[in-house]
Amino acid sequence: MKALFISEWERLWSQKKSKWMIGIFTVIVLLQAWFLRYYGVGIYNNDQQVPLNTWNFPWFLLKESSFLLTLIFMPVFFLNSLNVEYNSGAYRLFLIRPFKRKSFLISKWFSLALMVLVHLLIILGIGIAFGFIFLKPDNDFTFYGQQKNAIEAILYTVQVYGLFFIIQMCCLALASLISVIISNAVISFFLLIGLYVGCLYVSSQLSFFLLSVQSIFHTLSTTSNSLYIFALIIMLVGFGACVRIWSKKEFTS
Amino acid sequence: MKGLFTSELERLWSQKISWIILFFIPLMSIGSVKYYLSWNERVSPGQPDYVTSLNFPIISISEHLVVSFNIIAIILISTVIANEIENGQLRMILIRPFSTTQLFLAKLATILTTMFLYLTLFWILNTVAGYIFFPKVDTLITFLDEQKLSLTAALLYNVKYFFACFVTMISVVSVFTLLGSISRSTMITLGAGVGFIFLAIAIPQLLEFSTQTIIGHSTVIHLMYMSIVKIQHTGIAFLLSSTNNLNSYIILVQTVYIALFGLIAYWTFVKRDYFI
């Protein structure tokens, strides 16, 4: 299992496109950080905004780059690993190895989760660095009507990034479910994005796919649990169904 | 060469995805009929943006070019070019005694023919839907210079608009072909293409906000119309109006797009070693 995970991780990094994509992502996040500092305010929602400082800069940087991450970079990574590799026939060679069917899929999930973490760490690193270099630390500031000090703000950063990671895992569950059912990579890409946009229309509680950071702010500042519940349901159903279909799938076509 | 083109066309149309797009085009048309019927309740007749049977195809396509048709172009290119390079199918095709130049031209011709087919189908459906659902008039009021065109002139205007739309699609196709032949990967082509459309929508919007503050108005207009999506959305109306000095600029931008991106795409596609 561990060896399978390492092989998966190495395969992700041996492709030239992964390195290019991470490079481009870093450049775009740097540009976004520069833009955000240029405007100088963190917009929480339509009526509330706060001046930026060292402590809240990483949250708003994540808010800026979350769109890019959920709509372009993560779907490309997910479907490239889950769908294209299998379609091009390369994956059949890996399936020869004497492991359980399930463990192939689980090792893919682990390596992709690690990839999400790498991207989040890039954003967090740039956010912290920019915050300390260009902005002033402000030890007492209000955020969403709550008074926060520096320690609380650091804890809040961890919570925001953690919840964002959980939302990305929901996206991974949906992406793998789609790519197990539909073999065409192009259709699965647009179906995935269509699902994110469709969730926006179905219910405001499901809007966390696209408006992820807004919903995280909302969840952390109020007592509503809907994000946790929906995330848990989507992850359980998605990953569970995926394992079942994958174990019974014919790898002949 | 003709055989190569036929085989490319057959290979594209033997895939499910091209038929799915064909199925979506009537849905897109129905969507715009529904949207513009409710739009008409807010606009008074006589305005250029009051939707009638004559200008419905124009108004509908200028909304749909921006997202739907650009996405269709990405899908076609990632199936015809990127996917075939990625899973090695292209090597089988290159066994045949054709040069990579011929193959590139055949692929481009396939994409453009299919695109033309989709656009024509959408246009015909919209013309029919316009006559069924929208108020029948015999004069068309053009955008910007607000000329009143008679029936024949209006039909001519429609045809001109359609061909201008097709030319913008050629520029978009040349950009995406470049992305496809550089990345050689389906997912990267999709991601980069969607990213390109985002940028091309967002940058003119951002520039519009900063009109008064940073840069002068005439410079902003020229910068804005460097984006091909902005040209698709409103630029074609500028191109066809007689009073504006922007028409030659838009033609220049399109030529640069087609020539520059098309040539780089050709060069990267042809010079690549496909046998490793």
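Lettering of chains follows the sequences in order, A, B, ..., and the numbering in each one begins at 1.
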Crowded around B:Trp13 CH2? As in, over 12 foreign heavy atoms under 6.0 Å? yes
Apply side chain to side chain contact (heavy atoms under 4.5 Å, CB included) to the pair A:Leu68 and B:Phe198, showing each step before the final yes or no. CA-CA 10 Å; A:Leu68 194 75; B:Phe198 269 153; over 6 Å; no
Is it the case that over 12 heavy atoms from other parts of the model lie below 6.0 angstrom from the CE atom of A:Met235? yes
Using only non-hydrogen atoms and a strict under-4.5 angstrom cutoff, which residues of residues 181-198 of chain A touch chain B? A:Asn184, A:Ala185, A:Val186, A:Ile187, A:Phe189, A:Phe190
Cut-off 4.5 Å, heavy atoms of chain B, and the answer for A:Leu79 is both
Tell me the closest heavy-atom pair linking A:Pro75 and B:Met187, and the distance in Å. O-CE, 4.1 Å
Count the heavy atoms belonging to other residues, nucleotides or ligands that lie under 6.0 Å from CZ of A:Arg97, then report whether that count exceeds 12. yes
Quick check on the structure: residues of residues 108-116 of chain B within a heavy-atom distance below 4.5 Å of chain A, by number. none
Is it true that, when you exclude A:Phe134 itself, more than 12 heavy atoms of the residues, nucleotides or ligands shown sit nearer than 6.0 Å to its CZ? yes
Under the criterion side chain to side chain contact (heavy atoms under 4.5 Å, CB included), I'd like the reasoning laid out for A:Met21 against B:Ile188: C-alpha separation, chi angles, the key distance, then a yes or no. CA-CA 9 Å; A:Met21 274 173 69; B:Ile188 304 275; 3.3 Å; yes
Filtered by a 4.5 Å non-hydrogen cutoff, the part of residues 79-90 of chain B contacting chain A is B:Thr79, B:Glu86, B:Asn87
A:Phe110 atom CZ, over 12 foreign heavy atoms within 6.0 Å: no
Residues of residues 23-43 of chain B under 4.5 Å from chain A (heavy atom pairs)? none
